[in-house]
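None of these values were measured; they are calculated from a predicted model. Throughout, numbering of the chain's residues begins at 1 and tracks the sequence. Both ligands and their constituent atoms are indexed starting at 1 by order of listing.
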Amino acid sequence: MLTPIDTAKFEQAERALPSIFRERAPDCGMILGSGWSRILASREALARVSYNDIPGLGTGSVAGHAGELLLFGQAGRRVAAFCGRRHWYEGAGWLPVVLPVELLRRLGARRLLLTNAAGGVNPSLGPGDLLLIRDHINTTGLNPLQGPVIPGWGPRFPDQSRVYAPGLAERLREGMAREGIPLREGIYAFTAGPCFETPAEIRAYAGWGVDAVGMSTVPEALLGNVMGMEVAAVSCITNRAAGIGGETLTHDEVLEATAAAEPRMRRLIEEFVAI
Ligand code: HPA
């Protein structure tokens with residue numbers, strides 16, 4: 001059964017942030033998923049807040065999801081980076097999943113970068129490839145906008161024709177091309193998890209034109225979009241999806257593949273901030 005989001009928690013979470021988040025408010029925000037979240041671990045920051053100190057966010061149980069909010073500066077820009085993602089499949093409802101996006105909205109961030117690890121459905125995608133998400137298919141029937149309309153979260157029936165801002169994607173593509181780093185582009189299918197998919201599911205998704213599959217990102221992307229943010233999302237392909245490579249899939253393999261791709265992932269984050 002759907003439990004409506006307790007929006008009183010939004011205020012509590014906002015109040016828990018140190019005042020520097022308001023004094024030096026972020027221009028852009030990011031939510032970094034599996035493997036990506038450690039990239040900023042040693043970065044000099046204006047502030048660092050543990051997820052445990054943000055009511056409603058808490059710490060997830062997924063390895064590779066650190067659970068720390070950073071505020072940092074780069075070339076005159078300020079960035080609020082949520083290092084570690086909460087997922088629907090953890091069973092804590094929508095609050096921890098949507099709270100980072102809501103906090104970014106309250107702080108006035110205009111651009112949002114979402115990153116994740118994903119399985120390659122398109123056989124030309126292999127471990128370590130970076131894929132810019134052009135559009136998505138929500139296979140789950142789950143949506144954080146289900147329930148009462150929340151002020152600031154768009155109309156009852158939001159348009160979905162441009163969830164991922166084309167201009168932002170273009171700038172990211174250009175920036176990565178200047179660095180000589182290939183950036184693929186494609187369609188991401190969101191599954192509820194926590195199981196990896198079956199080979200039959202992957203064959204079906206391939207028939208729908210899906211390039212990559214994963215268990216996150218779409219809830220935050222559609223929410224950022226209805227809030228009027230420009231959204232970009234990037235997957236690090238960590239494995240061939242079920243039945244394509246023939247191997248058994250494990251989360252350890254996912255983390256290993258992101259470690260190998262780390263220098264390119266780091267570059268992508270810097271390019272995004274510089275846009
Ligand atoms: N399926 C779903 N989620 C994933 C995968 C996958 O193959 N790889 C990394 N995250």
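Only side-chain heavy atoms of Val254 come within less than 4.0 Å of ligand 1; its backbone N, CA, C and O stay farther off. Of the heavy atoms in Ala242, none comes closer than 4.0 Å to ligand 1.
Cation-pi geometry between Arg111 and Phe272 is met: under 6.0 angstrom from the ring centre, within 45 degrees of the axis.
With respect to the salt-bridge test (charged N to carboxylate O, under 4.0 angstrom), the residues Glu271 and Arg171 do not qualify. With respect to the salt-bridge test (charged N to carboxylate O, under 4.0 angstrom), the residues Glu179 and Arg264 do not qualify. Between Glu262 and Arg267 no salt bridge is recorded (no basic side-chain N to carboxylate O distance below 4.0 Å). Salt-bridge check for Glu270 with Arg266: failed, with every basic side-chain N at 4.0 Å or more from each acidic carboxylate O. The residues Glu185 and Arg173 are annotated as salt-bridged, a charged nitrogen and a carboxylate oxygen being separated by less than 4.0 angstrom.
Under the 3.5 Å distance criterion, the side-chain polar atoms of Asn116 are left unmatched by any main-chain donor or acceptor of Gly33.
Near Met215, with a cut-off below 4.0 Å to any heavy atom, the atoms of ligand 1 are 2 (C), 3 (N). Atoms of ligand 1 lying under 4.0 Å from at least one heavy atom of Leu249, given by number and element, are 7 (O). Proximity to Glu197 (heavy-atom distance under 4.0 Å) selects the following atoms of ligand 1: 1 (N), 2 (C), 6 (C), 7 (O). Residue contact check: Gly214 has heavy atoms under 4.0 Å from atoms 2 (C), 3 (N) of ligand 1.
Given atom 7 (O) of ligand 1, the protein heavy atom at minimum distance is Asn239 ND2, 2.9 Å. Of all protein heavy atoms, the one lying nearest to atom 5 (C) of ligand 1 is Gly119 N, 3.4 Å. Scanning all protein heavy atoms for the shortest distance to atom 9 (C) of ligand 1 gives Thr238 OG1, 3.4 Å.
Closest heavy-atom approach to atom 10 (N) of ligand 1 among the candidates Ala117, Ala189, Ala241: Ala117.
Other residues, nucleotides and ligands place no more than 12 heavy atoms under 6.0 Å from the CD atom of Glu44.
Between Thr191 and ligand 1, no N or O atom pair is found at a separation short of 3.5 Å.
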